[in-house]
Amino acid sequence: MQSKIVLWVIILLVIVLGAWWYFAQTPKVTAPTSVSTQTEQTAAPVAPQPTTVNGISTTDTSDAAISQDTAAVDAQMSSLNSDNTSVDSGMSTQ
């Protein structure tokens, strides 16, 4: 019984010392001591440029962009179908 108590005290001591060491190593967050009086310069607002991912527009919502996105999705689905057919034929030959 005595050895179990000593073992638990040692385990608890290791956990407490480990936590103390961990929190002593983390950097302290401090508030700035002085406030800067410099004025910030702001850039003129710029309209977002349409971006595309895999041929699909992520920001343009016009009818032309939707048609273009639909065509891009159809092309990707066709290539997926082709890949699927190739995999199926490869699996059936084994």
Subject >> Step-by-step side chain to side chain contact (heavy atoms under 4.5 Å, CB included) determination, Val87 to Met91 >> reply: CA-CA 6 Å; Val87 169; Met91 293 298 286; 4.2 Å; yes
Subject >> Connected via hydrophobic side-chain network under 4.5 Å: Leu12 and Trp21 >> reply: no
**OP:** Can you establish whether the number of heavy atoms outside Asp74 located under 6.0 Å from its atom CG is more than 12?
**Re:** yes
**OP:** Give, for atom CE of Met77 and atom CG of Asn84, the distance between the pair rounded to the nearest 0.5 Å.
**Re:** 10.0 Å
**OP:** Could you tell me whether a side-chain N or O of Ser82 sits under 3.5 Å from a main-chain N or O of Ser78, the two making a donor and an acceptor?
**Re:** no
**OP:** Kindly compute the distance separating CD1 (Ile10) from OG (Ser3), expressed to the nearest 0.5 Å.
**Re:** 10.0 Å
Original post:
How long is the gap from CG on Leu80 to CD on Gln76, to the nearest 0.5 Å?
Top reply: 9.5 Å
